[in-house]
Undergrad: 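First, the structure itself, so that you have it in front of you.
Each chain gets a letter, A, B and so on, in the order the sequences are listed, and its residues count up from 1.
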There are 2 protein chains.
Amino acid sequence: MSDTQDVLFRTLADPTRRALFERLCREGEKTVGALTARAGVSQPVVSKHLGILKQAGLVRDRHEGRQTHYSAQLGALAPLVDWTREMAGFWQNRFDQLEDLLKRMDQ
Amino acid sequence: MSDTQDVLFRTLADPTRRALFERLCREGEKTVGALTARAGVSQPVVSKHLGILKQAGLVRDRHEGRQTHYSAQLGALAPLVDWTREMAGFWQNRFDQLEDLLKRMDQ
DNA sequence: TCAATCAATAGCCAACGAGGTATTGATTGT
DNA sequence: ACAATCAATACCTCGTTGGCTATTGATTGA
């Protein structure tokens, strides 16, 4: 239900956008032009995706003259990690309960 | 680029679908009827979402008479966990490189 | 056997979103 | 001052998809 998770999932669901984020994680700060060169889509589309990534908190931008440098903000992935941990936790609890039940049945 | 991650992100991007998966994680196995009762959408929609979750490997179904029981398959989240770890790893490496660079500059 | 219930499928529609091109704004270099 | 470059915005189009209702198939109970 938490809205931050929703934003993250929706933002990372698009392959082009996720690829951009991955490149920024792998290769560090890059300009829009550099990203566009290998993105497979036009520059305006890249800018749009970067804008969405920025809104989601997944990237930062830094202006230097007429070019804009983008970099990954890895901390923004925390809610996603938390979510998976939470799901795993629920599963674990239910598994423990089952284990307890089986133990009690065993006696 | 790995396609399994793509399927997971796309599947979990929808709030209704993610809510269904969350309920199955929290509360364990449930019938379609039970899920529909609190899903806020119609039964056919729930069935459709469950079908998509099943295709993604996130849930299993078990038929019992005229009702179908669904349960979460938590292992299917592994690629997602791997992906976040990978992204974190890239970031860490680049941070280490920066650290090294700063150390060398310091001498 | 017939009615009722449960889940899945079919068919439809409206909204969203990712892509494109054209343009604007801003900065650099000549 | 002017041309060129870089990134963002505006605007449009088309495909995808999430929602609905109606229906079908299957199973249970009377």
Undergrad: Which nucleotide in the list C:dG19, C:dA8, D:dG19 gets nearest to the side chain of B:Lys48?
TA: D:dG19
Undergrad: With sugar-phosphate meaning primed atoms plus P, OP1 and OP2, does A:Thr31 contact a base, only sugar-phosphate, or nothing at under 4.0 Å between heavy atoms?
TA: sugar-phosphate
Undergrad: Regarding B:Arg38 and B:Glu27, does a basic nitrogen lie under 4.0 Å from an acidic carboxylate oxygen?
TA: no
Undergrad: Select base, sugar-phosphate, or nothing to describe what A:His49 touches, counting heavy atoms under 4.0 Å on all strands.
TA: sugar-phosphate
Undergrad: Is B:Val41 touching bases, backbone alone, or none of the nucleic acid, heavy atoms closer than 4.0 Å?
TA: sugar-phosphate
Undergrad: Find which nucleotide of DNA chain D each of B:Asp14 and A:Gly33 is nearest to by heavy atoms, and output the residue with the more 5' nucleotide.
TA: A:Gly33
Undergrad: Evaluate the ring planes of B:Trp83 and A:Phe21, with Trp represented by its six-membered ring, and classify them as parallel (under 30°), tilted (30 to 60°) or perpendicular (over 60°).
TA: tilted
Undergrad: Base, sugar-phosphate alone, or nothing: which one does B:Gln67 contact when heavy atoms must sit under 4.0 Å apart?
TA: sugar-phosphate
Undergrad: Which one, C:dA8, C:dA18, D:dG18, comes nearest to the side chain of B:Ile52?
TA: D:dG18
Undergrad: Counting only side-chain heavy atoms from C-beta out, which of D:dT21, C:dA8, D:dG19 sits nearest to B:Ser47?
TA: C:dA8
Undergrad: Between A:Pro44 and A:Arg10, which is nearer to the 5' end of DNA chain C once each is assigned its nearest nucleotide?
TA: A:Arg10
Undergrad: Are any protein N/O atoms closer than 3.5 Å to N/O atoms in nucleotides 24-28 of chain D? If there are, list each pair with its distance.
TA:
| unit_1 | atom_1 | unit_2 | atom_2 | d |
| --- | --- | --- | --- | --- |
| D:dT27 | O2 | B:Arg66 | NH1 | 3.3 |

Undergrad: Any Lys/Arg nitrogen of B:Arg26 or A:Glu86 sitting under 4.0 Å from an Asp/Glu carboxylate oxygen of the other?
TA: yes
Undergrad: Look at all strands and tell whether A:Thr68 reaches a base, only sugar-phosphate, or nothing, counting heavy atoms closer than 4.0 Å.
TA: sugar-phosphate
Undergrad: Measure from the side chain of A:Gln43, starting at C-beta and using heavy atoms only, and say which of C:dA18, D:dA7, C:dA8 lies closest.
TA: D:dA7
Undergrad: Angle between the two end axes of the helix from C:dT1-D:dA30 to C:dT30-D:dA1, five base pairs per end, rounded to 10 degrees?
TA: 10°
Undergrad: Hey, are B:Asp6 and B:Arg10 close enough for a salt bridge, meaning a charged N less than 4.0 Å from a carboxylate O?
TA: yes
Undergrad: Answer yes or no: is there an ion pair linking B:Arg60 with B:Glu29, defined by an N-O contact shorter than 4.0 Å?
TA: no
Undergrad: Closest-nucleotide mapping onto DNA chain C: is A:Gly40 or B:Val45 further toward the 5' terminus? I mean the 5' end.
TA: B:Val45
Undergrad: Are the side chain of A:Arg17 and the backbone N or O of A:Leu12 linked by a donor-acceptor pair below 3.5 Å?
TA: no
Undergrad: Out of C:dA8, D:dG19, C:dC6, which nucleotide sits closest to the side chain of B:Val32?
TA: C:dA8
